[in-house]
There are 2 protein chains.
Amino acid sequence: MSNKATANRNRIVDIADQLFYSKGFNQSSFTDIAEAADIPRGNFYYYFKTKDEILESVIDKRLSYIKSKLAGYEAQYDSPQERILKFIEMFRDDAETLNLHGCPMGTLNMELSKTQHELRGMAKQMFDVYRNWLTEQFRALNTKSKPEELAMHLLVQTQGLAVMAQTYNDPELIKRETRELKRWVFSL
Amino acid sequence: MSNKATANRNRIVDIADQLFYSKGFNQSSFTDIAEAADIPRGNFYYYFKTKDEILESVIDKRLSYIKSKLAGYEAQYDSPQERILKFIEMFRDDAETLNLHGCPMGTLNMELSKTQHELRGMAKQMFDVYRNWLTEQFRALNTKSKPEELAMHLLVQTQGLAVMAQTYNDPELIKRETRELKRWVFSL
DNA sequence: GTCTATAATTCGATAGAC
DNA sequence: GTCTATCGAATTATAGAC
C-alpha cells in the first residue's frame with residue numbers, strides 16, 4: 001500500500017471514529033464518512049468493503065489508545081491508588097465531551113447490543129481492558145472486598161455518570177460525583 | 001374513532017414500545033411496526049403520520065405507567081425509606097430484561113441525544129419524573145446531604161448498573177449492586 | 001489506485017381509489 | 001376506514017472505464 005493510500009485509510013478510521021461517537025454507528029453512513037474524509041464515494045470501497053470492517057479498525061484504534069493510556073499511568077505512578085485516581089480524573093477531565101455525547105464505550109456497546117450482536121463482542125473488548133486493569137490495581141491495593149467487584153463497581157459508577165451527564169448536561173454533576181468517587185477510593 | 005380503530009392504535013403503540021426498546025428507535029422501521037401490529041403498510045398512515053408521532057405516543061404511555069407505579073408506592077408505603085427501597089427492588093426484579101436490552105429510559109435517551117435532539121426532550125421527561133419523585137422521598141428522609149444530589153446519585157447508580165449489566169450479561173451483578181444500594185439507603 | 005455510473009434495496013411518506 | 005400503488009431520498013454495494 002502506498003503512503004497516500006495508508007494516509008487515506010488512517011484518515012477514514014479517524015473520521016469514522018469521530019462520527020460513530022458523535023452520531024452513533026447506525027446513523028453514520030458511508031457517504032457521511034467518505035465526505036468528511038474527502039474520499040470520493042466510489043473510491044471508498046477500495047479501502048473498506050463493509051461498514052463492519054470500518055468499525056473493526058475503529059475499535060482496534062480505540063483499543064490501542066486505551067492500552068497506551070493505561071500503560072502510561074503504570075509507568076508514571078507506582079501506587080495502585082494513584083493509578084485508580086488518575087482513571088477517575090481522566091473521566092472528570094473529559095466532562096464536556098461526556099456531557100455532549102456520553103461515554104464512547106458505553107454508547108457504542110448499548111447501540112450494538114440492540115441489533116448487532118456480532119459486532120458487540122468487539123466493542124466489549126474496550127470494557128474488558130479497563131475492567132482487567134482496574135481489577136489488577138484493586139488487587140494490589142489489598143482491600144477486604146474482592147478486586148473484581150470493586151473494579152466493576154467503579155465502572156458502574158462512571159457509566160451511570162456518563163448517562164446522566166449526557167441526559168442532563170449538568171457540568172456540576174461530573175465534578176461532584178468524581179469527587180465522591182475519589183473519596184471512596186481513599187476509604188478503601 | 002371506532003372501537004376497532006382505537007384498538008389498532010393502541011396495538012401500534014404497544015408494539016412500537018417493545019420494538020423501540022429491544023431494537024432501538026432508529027432501527028425500528030414503519031414496516032417492522034406495521035407487520036408486528038398486523039396493520040397493512042398503507043393503512044398505517046391513517047393512525048400515525050410520522051415516526052416522531054409514534055414515539056410521542058410511546059413516551060406518553062411510558063410516562064403514565066411510571067407515574068402510576070410511583071403513585072402505587074406512595075399509596076402502599078408510608079415511609080420515604082420504604083418507597084426508595086421499592087424503587088431499588090423494582091430495578092432488581094427487572095434484572096433479566098435489563099441484561100438483555102438495558103434501561104428503556106437510558107438507552108432511548110442516549111440514542112436520541114446523538115442525532116435527534118428535538119425528540120430527546122420528550123424522552124428526558126421520563127427521567128424527570130423519577131428524579132423529582134426520588135428528590136421528594138430523600139427530602140422527606142431529612143438527610144444531611146442535599147435531596148437533589150442523593151436522587152441524582154441513585155439514578156447514576158441504576159443507570160450505570162443497567163449499562164454494565166447489558167454489556168456483561170452477568171445475573172449476579174444487578175443482585176449484588178442493588179443489595180449495596182439498599183445498604184446505602186439504610187446508612188443515610 | 002481513482003473515479004463514474006449505477007444497481008438493488010430500504011427508508012419515510014403521499015395520493016387517491018374503494 | 002382500508003388498501004394499493006408509488007414517490008423521492010438515502011442506503012449499502014458493485015461493475016468497469018480510466
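Lettering follows sequence order; numbering is per chain, from 1.
- Note that the two end axes of the helix from C:dG1-D:dC18 to C:dC18-D:dG1 enclose an angle of 10°, each drawn from 5 base pairs, rounded to 10 degrees.
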Check against salt bridge (charged side-chain N to carboxylate O under 4.0 Å, His left out), A:Arg92 and A:Glu177: CA-CA 9 Å; A:Arg92 182 201 58 194; A:Glu177 292 278 335; over 6 Å; no

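- Around CD of A:Glu74, the count of heavy atoms belonging to other residues, nucleotides or ligands within 6.0 Å exceeds 12.
- Per the geometry, CD belonging to A:Glu53 stands 14 Å off P belonging to D:dT12, to the nearest Å.
- The neighbour count for A:Lys49 NZ, taken as heavy atoms of other residues, nucleotides or ligands under 6.0 Å away, is above 12.
- Between B:Tyr73 and B:Phe87, the distance separating the two ring centers is not shorter than 6.0 angstrom.
- OP1 or OP2 of C:dG1 has at least one side-chain nitrogen or oxygen of A:Tyr46 nearer than 4.0 Å.
- More than 12 heavy-atom neighbours from other residues, nucleotides or ligands sit within 6.0 angstrom of CD on A:Glu89.
- At whole-Å resolution of the value, CG in B:Asn43 and P in D:dA5 are 15 Å apart.
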Audit row: A:Arg11, A:Asp38, salt bridge (charged side-chain N to carboxylate O under 4.0 Å, His left out) steps and yes/no: CA-CA 9 Å; A:Arg11 199 169 64 256; A:Asp38 208 31; 5.7 Å; no

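- Listed nucleotides D:dC3, D:dT2, C:dT2 differ in distance to B:Lys4; the shortest reach to its side chain belongs to D:dT2.
- Here C:dT10 presents its C1' atom at 12 Å from CD of B:Glu35, a figure rounded to the nearest Å.
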From CA spacing to verdict: salt bridge (charged side-chain N to carboxylate O under 4.0 Å, His left out), A:Glu148, A:Arg139: CA-CA 8 Å; A:Glu148 299 85 7; A:Arg139 194 187 313 282; 3.8 Å; yes

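- Checking the phosphate oxygens (OP1, OP2) of C:dG1, no side-chain nitrogen or oxygen of A:Tyr47 falls inside 4.0 Å.
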Sequence-aligned protein contact record of nucleotides 12-18 of chain C, with B where the base is within under 4.0 Å of a protein heavy atom and S where only the sugar-phosphate is: SBB----

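- Atom CD of B:Gln27 is separated from atom P of D:dA10 by 18 Å (rounded to the nearest Å).
- A straight line from CZ of B:Phe44 to C1' of D:dT4 spans 17 Å, rounded to a whole angstrom.
- Relative ring orientation between A:Phe25 and A:Phe20 is described as perpendicular, the plane-to-plane angle rising above 60° on a 0-90° scale split at 30° and 60°.
- With A:Glu149 as reference, B:Arg176 is the one residue of B:Lys175, B:Arg179, B:Arg176 to meet the salt bridge (charged side-chain N to carboxylate O under 4.0 Å, His left out) rule.
- Atom C1' of nucleotide D:dT11 and atom CZ of A:Phe48 are separated by 19 Å, given to the nearest angstrom.
- Atom P of nucleotide D:dT4 and atom CD1 of B:Ile39 are separated by 13 Å, given to the nearest angstrom.
- Taking atom CG of residue B:Asn8 and atom C1' of nucleotide D:dT2, one finds them 10 Å apart after rounding to whole Å.
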